[in-house]
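Report on one structure; see the data block that follows.
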Amino acid sequence: MVWNRIERGAGRPLILLHGIGSACEIWEPVMGMLAADRHVIAFDLPGHGSSPAPRPGEPLGPRHFAKQLGEELHELGVDGPVDLVGNSLGGWTALEAAKLGLARSVVGLSPAGLWHGPGPTSSVTGFRIFRSMVRRYPHIVRALLQSAAGRTVLLPMILGRPWRMPAPVAVESVRMFDQTTILDDLFAASQNDQFAGGDVIDVPVTIAFGTRDWLLNRRTCQFSDQLPTSARWIELKGCGHVPMWDDPELVARTVLEGTN
């Protein structure tokens with residue numbers, strides 16, 4: 001399998017992994033700042049964006065994606081530990097990759113998997129309700145996304161400042177979400193799973209959650225007990241679950257500080 005990717009810049013590799021139902025383009029607000037002195041590679045995870053879907057019966061989820069990531073990097077000639085940055089599902093994948101020895105450092109932006117017991121059913125329900133609305137009322141959703149007020153109404157589950165995402169980007173992001181065919185399988189795979197065993201990670205780890213992350217809230221989805229004790233935990237003021245459009249400068253600074 002060859003994952004679709006965007007590559008920018010030159011220097012030490014910096015790998016970016018997006019969240020569930022998204023694609024590598026979600027990193028565009030920070031790509032220029034990160035690529036000023038780094039070789040940035042933003043991947044589409046399997047079954048997302050333009051990357052091929054997993055084969056029928058193939059395991060899904062962050063652990064499997066982490067193993068595949070190692071294979072993808074080897075195919076690109078990127079051998080040895082690399083700096084990994086992931087958002088949501090991508091953050092969980094980056095942490096799993098670190099357990100496999102693939103990471104030089106990890107920055108998790110609202111990483112999934114840091115819950116106790118089953119995953120957050122309310123988040124999955126919210127995603128499914130939104131997808132149903134997109135499919136039943138596509139013209140209404142598209143019209144709402146054209147205005148800052150409409151984006152603020154539709155996208156607070158993932159963005160802390162939805163009005164900052166340009167209308168064309170919002171439309172494309174919703175289209176990508178709707179066309180991600182493995183969503184239900186991924187939800188099923190992650191609902192009864194969680195990140196564990198992070199004490200074996202011996203590289204720098206930074207975990208950053210937005211103060212407006214309503215999808216993975218502090219009360220149920222932001223536990224640190226499975227992370228290495230040295231992990232640095234910070235807040236992204238005013239940011240939501242997908243913070244790149246909320247505050248690009250803050251996100252880029254957080255990434256660069258965590259992977260220096």
Side-chain angles (χ1 to χ4, degrees), residues 17-23 26 45 47-48 60-63 65 86-96 108-138 140-141 144-145 149-165 170 173-196 198 207-227 233-246:
L17 305 171
H18 62 77
I20 192 168
S22 189
I26 199 66
L45 291 172
H48 291 75
L60 286 175
R63 290 188 190 88
F65 290 166
N87 174 224
S88 193
L89 173 70
W92 187 353
T93 300
L95 289 169
E96 295 290 352
L109 303 173
S110 297
L114 301 184
W115 46 68
H116 290 163
T121 56
S122 59
S123 299
V124 174
T125 300
F127 270 128
R128 287 175 172 157
I129 290 173
F130 182 70
R131 184 178 59 182
S132 177
M133 181 173 61
V134 169
R135 292 180 174 178
R136 293 184 65 182
Y137 309 107
I140 294 175
V141 170
L144 285 171
L145 292 174
R151 294 192 294 278
T152 300
V153 169
L154 284 179
L155 303 177
M157 187 168 71
I158 59 171
L159 299 173
R161 297 166 175 139
W163 58 89
R164 291 191 175 180
M165 177 178 276
S173 296
V174 170
R175 186 189 72 81
M176 284 286 190
F177 171 77
D178 182 44
Q179 293 189 357
T180 304
T181 59
I182 64 170
L183 277 181
D184 287 328
D185 290 335
L186 266 179
F187 286 145
S190 62
Q191 274 298 97
N192 296 311
D193 200 3
Q194 63 190 69
F195 177 72
I207 303 296
F209 276 92
T211 57
R212 297 181 184 177
D213 190 336
W214 313 130
L215 194 66
L216 299 182
N217 65 74
R218 182 179 299 178
R219 185 174 61 86
T220 61
C221 300
Q222 299 184 25
F223 294 102
S224 62
D225 55 298
Q226 293 299 317
L227 296 169
W233 195 289
I234 64 176
E235 288 187 339
L236 302 177
K237 299 291 185 182
C239 291
H241 184 65
V242 181
M244 288 76 84
W245 279 103
D246 290 329

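Residues Ser88 and Gly19 approach most closely at CB-CA, 4.0 Å, considering heavy atoms. Pairing each heavy atom of Gly240 with each of Ser110, the nearest pair is O-OG, 4.1 Å. Of all heavy-atom pairs between Trp115 and Thr220, the closest is CB-O, 3.4 Å.
Note that CZ of Phe127 and CG of Leu215 are 5.0 Å apart. Values are rounded to the nearest 0.5 Å. Atom CG of Leu95 and atom CG of Leu17 lie 10.5 Å apart (nearest 0.5 Å). To the nearest 0.5 Å, atoms CD (Gln194) and CZ (Phe223) are separated by 10.0 Å. For the atom pair CD1 of Ile234 and CD1 of Ile207, the computed distance is 9.5 Å after rounding to the nearest 0.5 Å. Taken to the nearest 0.5 Å, the OG atom of Ser190 stands 7.5 Å off from the CG atom of Leu89.
Scanning for side chain to side chain contact (heavy atoms under 4.5 Å, CB included) contacts around Val134 gives Phe130, Val141, Val174, Asp178, with sequence neighbours left out.
Asp246 and Arg212 are not joined by a salt bridge, as no carboxylate oxygen comes within less than 4.0 angstrom of a charged side-chain nitrogen. Using a 4.0 Å cut-off between charged side-chain N and carboxylate O, Arg218 and Asp213 make no salt bridge.
Within a 6.0 Å radius of CZ in Arg135, other residues, nucleotides and ligands contribute more than 12 heavy atoms.
Between Trp233 and Phe209, the ring planes lie parallel to each other; the angle is under 30°, not in the 30° to 60° tilted range.
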